[in-house]
Protein chains: 2
Amino acid sequence: MSDPKAAREAERLRVPGAAFLVSQVGSHSSRLWRERMARLDLDSREVVLLRHVAAAEGQSQQALAEALQIPASRMVALVDGLERRGLVQRRPIRGDRRVRALHLTPEGRRVLRKVMKASAEHEAELCAGLDPSEREHLIALLSRVAAEQGLATGVHPGVAEKQPSR
Amino acid sequence: MSDPKAAREAERLRVPGAAFLVSQVGSHSSRLWRERMARLDLDSREVVLLRHVAAAEGQSQQALAEALQIPASRMVALVDGLERRGLVQRRPIRGDRRVRALHLTPEGRRVLRKVMKASAEHEAELCAGLDPSEREHLIALLSRVAAEQGLATGVHPGVAEKQPSR
DNA sequence: TATTGTTATACTCTATAACTATA
DNA sequence: TATAGTTATAGAGTATAACAATA
């Protein structure tokens, strides 16, 4: 206890650095957001897919699978679920009868608006303790780190990973 | 494209908020850190366990399982692996022959020092683009958010969740 | 022969619930 | 009867690879 070297080590364990904090708060943010999406009956990957389809309608499943870095076989079940709920639609394209182009339905667009509303509420909830300028500063610092770490804007690295089931 | 309402929505999709950024950078930080731990042949949960054992030696597996919020049956395999590698030791306690108290071995202590060294390197790597005062500011802001969100200091919410296998 | 989408299979990881031995 | 640790089992989720239709 009175060993100064051990005390320094204990201190290093006690005070979290930026790397730990961003991971801790990020995991928390992620969990809260997934809970909001679950209330809309959506999985995080389903949301990402909806947004990708909205951003560029008519892409093939293969193209989406490539963009999202997930195997094509996983895309099938993903699209199945969203199509069953009437949020996206598989449509044939002229010229190649193998391809199934993905489109958002009107209901899919409505749900996507709810997603954006819920995401905005999530942002407000997470930043409740910061005033607007502090929040802007946090965004600026994290954007710098993200850019310097080579992270693409708006692309979450966890999307391609396995999802915690809760 | 020229619809101002649609343009506003597109803008909202394009610029990430703090919640997304912290989750994105946090996930990236987490992945880099796990890669460093993997080089020491350690899983993130093994590291957490090592640190808990180091912080309070002689606890029972049940007590640890309780503290780490994982089922006792999972603790068994976790301890098995660490004991096989000679990092922790199960010891009987006097008075109750059911209990197996966990202790760090000298090798376990050496590995834990490597863990702390690797974590410090990870911190430096992640914050490479920030000067010291910016890093301190980021830490302060994230600490505020963490405290206001009710996150316990030094406790990562993802520990109890399933781990991405990579 | 190559490619799109699909289905089948086998594998990994997990929690739940028996089970053993002590208390 | 209850508890600490262990083992067995069954389920969820996944990637890999086989498959059918089309190019």
Side-chain angles (χ1 to χ4, degrees), chain A residues 30-31 34 37-38 41-49 52-53 56-84 88-103 157-166, chain B residues 31 34 37-38 42-49 52-53 56-84 88-103 157-166:
Chain A
S30 207
R31 190 171 47 77
R34 288 199 308 267
M37 294 304 109
D41 195 27
L42 288 171
D43 184 88
S44 61
R45 288 162 306 187
E46 291 173 333
V47 175
V48 172
L49 181 57
H52 269 254
V53 172
E57 297 214 29
Q59 286 184 99
S60 71
Q61 294 186 190
Q62 297 269 354
L64 264 303
E66 175 78 12
L68 270 59
Q69 295 269 54
I70 63 175
S73 63
R74 210 154 98 176
M75 180 64 67
V76 175
L78 204 51
V79 174
D80 280 351
L82 292 174
E83 191 171 43
R84 184 167 24 80
V88 301
Q89 213 179 19
R90 288 175 165 108
R91 292 190 205 156
I93 65 165
R94 49 173 193 175
D96 191 337
R97 281 192 292 177
R98 294 172 303 181
V99 177
R100 321 271 253 132
L102 296 183
H103 293 264
V159 174
E161 293 179 6
K162 286 183 192 173
Q163 289 298 116
S165 50
R166 61 174 79 173
Chain B
R31 187 170 49 78
R34 287 198 308 268
M37 294 304 109
L42 288 171
D43 185 88
S44 61
R45 289 163 305 189
E46 292 174 332
V47 174
V48 171
L49 182 57
H52 269 254
V53 172
E57 297 214 27
Q59 287 185 99
S60 71
Q61 293 186 191
Q62 297 268 353
L64 264 304
E66 175 79 12
L68 270 60
Q69 297 268 55
I70 63 175
S73 63
R74 210 154 96 175
M75 181 63 66
V76 175
L78 204 50
V79 175
D80 280 350
L82 292 174
E83 192 171 43
R84 184 168 23 82
V88 302
Q89 212 179 19
R90 289 175 166 106
R91 291 189 206 157
I93 64 165
R94 49 173 193 177
D96 192 337
R97 282 192 291 177
R98 294 172 304 182
V99 176
R100 320 271 254 134
L102 296 183
H103 293 264
V159 174
E161 293 178 6
K162 286 183 193 172
Q163 288 300 115
S165 50
R166 62 175 80 173

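In what follows, chains are A, B, ... by sequence order, proteins preceding strands, each numbered from 1. Heavy atoms only: backbone and side chains are in, while hydrogens, waters and symmetry mates are out. This structure is a prediction, so every number in the text was calculated from the model and none was measured.
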### Message
What is the separation between atom CZ on B:Arg98 and atom P on D:dA4, rounded to the nearest whole Å?
### Response
6 Å

### Task
Identify which nucleotide among D:dT6, D:dT16, D:dA4 has an atom closest to any side-chain atom of A:Pro71, counting heavy atoms from C-beta outward.
D:dT16

### Query
At how many degrees, to 10°, do the end axes of the helix from C:dT1-D:dA23 to C:dA23-D:dT1 meet when each uses five pairs?
30°

### Task
Select one nucleotide: of C:dT7, C:dT4, C:dT22, the one nearest the side-chain heavy atoms of B:Arg97.
C:dT22

### Task
Specify the separation, in whole Å, of atom CG of B:Asp80 and atom P of D:dA8.
12 Å

### Message
In whole Å, I'd like the distance from the CG atom of A:Leu78 to the P atom of D:dT14.
### Response
10 Å

### Query
Please give, in whole Å, the distance from C:dT4 C1' to A:Gln59 CD?
15 Å

### Query
Got a second to check how far A:Glu83's CD is from A:Gln89's CD, nearest 0.5 Å?
7.0 Å

### Task
Write down the distance between CD (B:Glu83) and C1' (D:dG5), rounded to a whole number of angstrom.
13 Å

### Query
D:dA15 phosphate, OP1 or OP2: any side-chain N/O from A:Arg74 under 4.0 angstrom?
yes

### Message
Between the base of C:dT16 and the side chain of B:Ser73, is one N or O donor paired with an acceptor at under 3.5 angstrom?
### Response
yes

### Summary
The nucleotide from C:dG5, C:dT14, D:dA23 with an atom nearest the side chain of B:Arg45 is C:dT14

### Summary
Looking only at C:dT4, D:dT6, D:dA4, the nucleotide nearest the A:Val99 side chain is C:dT4

### Message
Is the phosphate of D:dT6 approached by B:Arg100 (side-chain N or O, under 4.0 Å from OP1 or OP2)?
### Response
yes

